[in-house]
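Read through the structure below, which is laid out as structure tokens, and then see the notes.
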Amino acid sequence: MRLSRYFLPVLKENPSEAQIASHRLMLRAGMIKQQQAGIYSWLPLGYKVLKRIEQIVHEEQVRAGHIPVLMPTLQPADLWQESGRYDAYGPEMLRITDRHGRDMLYGPTNEEMITDIFRAHVESYKQLPLTLYHIQWKFRDEVRPRFGVMRGREFYMKDGYNFDLTKEDALHAYNRHMVSYLRTYERMGLTAIPMRADSGPIGGDNTHEFLVLAPTGESEVFYDAQVPDLKLGDREVDYDDREAVAEICTEFTTLYARTDETHDEAVFNELPEERRKTARGIEVGQIFYFGTKYSEAMGATVKTPEGNVPVEMGSHGIGVSRLVGALIEANHDDKGIIWPEGVTPFHVGIVNLKQGDAACDSACDALYKALVQKGFDPLYDDRKERAGAKFATMDLIGLPWRITVGPRGVAANLVELTSRRTGESEEMSSEAALARIQEIYAAHL
RNA sequence: CGGAGCGUAGCGCAGCCUGGUAGCGCACCUGCUUCGGGAGCAGGGGGUCGGAGGUUCGAAUCCUCUCGCUCCGACCA
């Protein structure tokens with residue numbers, strides 16, 4: 001993309017409404033525009049990041065054997081009356097009446113609807129196990145939305161639901177989700193720690209929240225200093241291998257890691273003092289096993305040799321839109337955002353220091369074409385701006401790599417490759433820069 | 001939902017107390033110079049002062065109502 005033809009409304013000054021880094025930077029980098037309290041338009045740059053995150057979530061869910069569907073945002077009230085949550089949910093649920101006076105709601109989650117789909121189409125235990133998920137907009141009418149997309153009223157979320165015959169099967173589904181989530185966050189360059197959590201209004205007795213450590217997090221968390229070092233790395237996972245999947249879960253959940261809701265001071269204090277860490281965390285996902293709570297209430301049963309039995313269920317969510325904010329909270333400096341390679345909106349930025357100079361222009365054009373030809377998505381700043389303005393824009397929007405083309409180097413076929421994260425620059429030929437970019441992204445494409 | 005604020009040009013703000021029909025910085029447009037870290041000079045355009053009602057000769061300014069947004073607290077993916 002050529003910046004002169006793009007839509008990137010960056011702000012030089014800080015918007016007054018933004019209190020935390022991610023909100024401020026998303027507004028300044030032209031990623032979002034607030035339309036109402038807690039409701040945002042996603043401008044081109046923000047939309048690209050949102051879609052990259054969504055894509056990673058999809059890929060990891062499919063890899064785990066889960067099946068994508070898409071359910072509507074508007075749901076009929078009667079499904080929620082069946083489960084009893086229509087009355088239980090309270091004013092956070094946005095209730096709507098259509099022209100015929102029928103009660104509807106903008107879905108805050110989809111347990112009821114997915115259970116309805118299941119009971120309509122699944123009759124036999126032979127059709128199990130089954131895990132369906134979707135990525136869809138949700139609405140919770142928060143009393144006090146804040147922090148930009150981190151705590152909006154409208155939010156984009158992946159929610160998945162497993163249907164199994166036995167509790168053992170359902171717990172395997174739970175473990176499968178935990179591992180797939182760990183992979184998902186790692187691919188985004190995030191360390192999200194699974195912590196034992198409270199089940200809240202969804203109910204159930206087995207649940208973990210995934211938290212990204214950041215000073216602006218909403219929850220206080222307590223953990224063993226060794227936990228953030230746990231990594232999946234590039235190990236292969238066979239999601240059908242129950243023992244292997246369970247082993248990984250054990251590895252990631254044995255050390256102490258809890259939110260303030262489940263924190264146990266006595267257990268925590270058994271750790272040597274230097275390993276006891278207290279911090280703040282942003283919740284970016286949660287997994288639940290809740291058994292037959294909805295299947296019994298809504299008659300979601302399968303036929304077995306022993307008769308009709310309600311299915312065992314769990315539900316599992318990843319806050320896709322919230323992750324955009326969480327990623328920025330975890331990756332920024334005083335100049336702007338620093339995107340991890342896995343989610344960056346553009347792979348590399350090209351800065352032409354002397355727009356209009358024949359040699360610089362043609363060098364940039366050639367580099368741009370070569371990058372596109374190799375499957376990259378570069379952003380070429382071809383505006384008639386001064387160098388300082390171009391650098392400041394690149395730093396703000398946080399592309400992890402920048403190639404600078406100036407009149408000095410062009411004569412000798414030299415460009416400059418700069419890392420946004422370290423600020424380190426290296427002069428090399430265009431061809432060498434292209435090769436380096438290929439190398440860098442080999443693990444992310 | 002309790003408490004506290006704020007709505008004046010695209011963005012950030014001053015003016016309000018002590019009424020006399022708007023101003024600054026950035027951005028934008030034109031020209032000249034500048035050109036590796038958000039340039040300088042000169043000129044220029046842009047605002048029913050959130051909305052409605054009231055007081056007054058006269059309201060951004062005072063009064064009432066209303067809508068929107070933000071912050072602290074309780075609540076939450």
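Every chain is numbered from 1, with letters handed out A, B, ... down the list of sequences.
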Q | Euclidean distance, atom CZ of residue A/Arg146 to atom C1' of B/C75 [Å, nearest integer] | A | 9 Å
Q: Please report, rounded to the nearest Å, how far the P atom of B/A77 is from the OH atom of A/Tyr181.
A: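 For the pair A/Tyr181 OH and B/A77 P, the rounded distance is 14 Å.
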(Q) Stacking between B/G36 and A/Phe391, yes or no? Criterion: centroid separation under 5.5 angstrom, plane angle under 30 degrees. (A)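 No, A/Phe391 does not stack on the base of B/G36.
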Q: Using side-chain contact (heavy atoms from CB on, under 4.5 Å) as the criterion, point out the one residue from A/Met195, A/His177, A/Met178 that pairs with A/His208.
A: A/Met178
Any donor-acceptor N or O pair under 3.5 Å, side chains [X], [Y]:
X        : Y        : result
A/His263 : A/Glu265 : yes
A/Tyr294 : A/Arg119 : no
A/Thr292 : A/Ser295 : no
A/Arg24  : A/Ser22  : no

Could you tell me whether the side chain of [X] has a donor or acceptor atom within less than 3.5 Å of a complementary atom in the base of [N]?
X        : N     : answer
A/Arg151 : B/C75 : yes
A/Arg386 : B/G40 : no
A/Glu416 : B/G36 : yes

(Q) Just to be sure I understand the rule, does A/Gly152 reach a base, reach only the sugar-phosphate, or reach nothing, if contact means heavy atoms closer than 4.0 Å? (A) base
Q. Going 5' to 3' along nucleotides 2-13 of chain B, which nucleotides have protein heavy atoms under 4.0 Å from the base (write B), which only from the sugar-phosphate (write S), and which from neither (write -)?
A. ---------BSS
Q. Is a donor on one side and an acceptor on the other found under 3.5 Å between the side chain of A/Lys390 and the backbone of A/Asn352?
A. yes
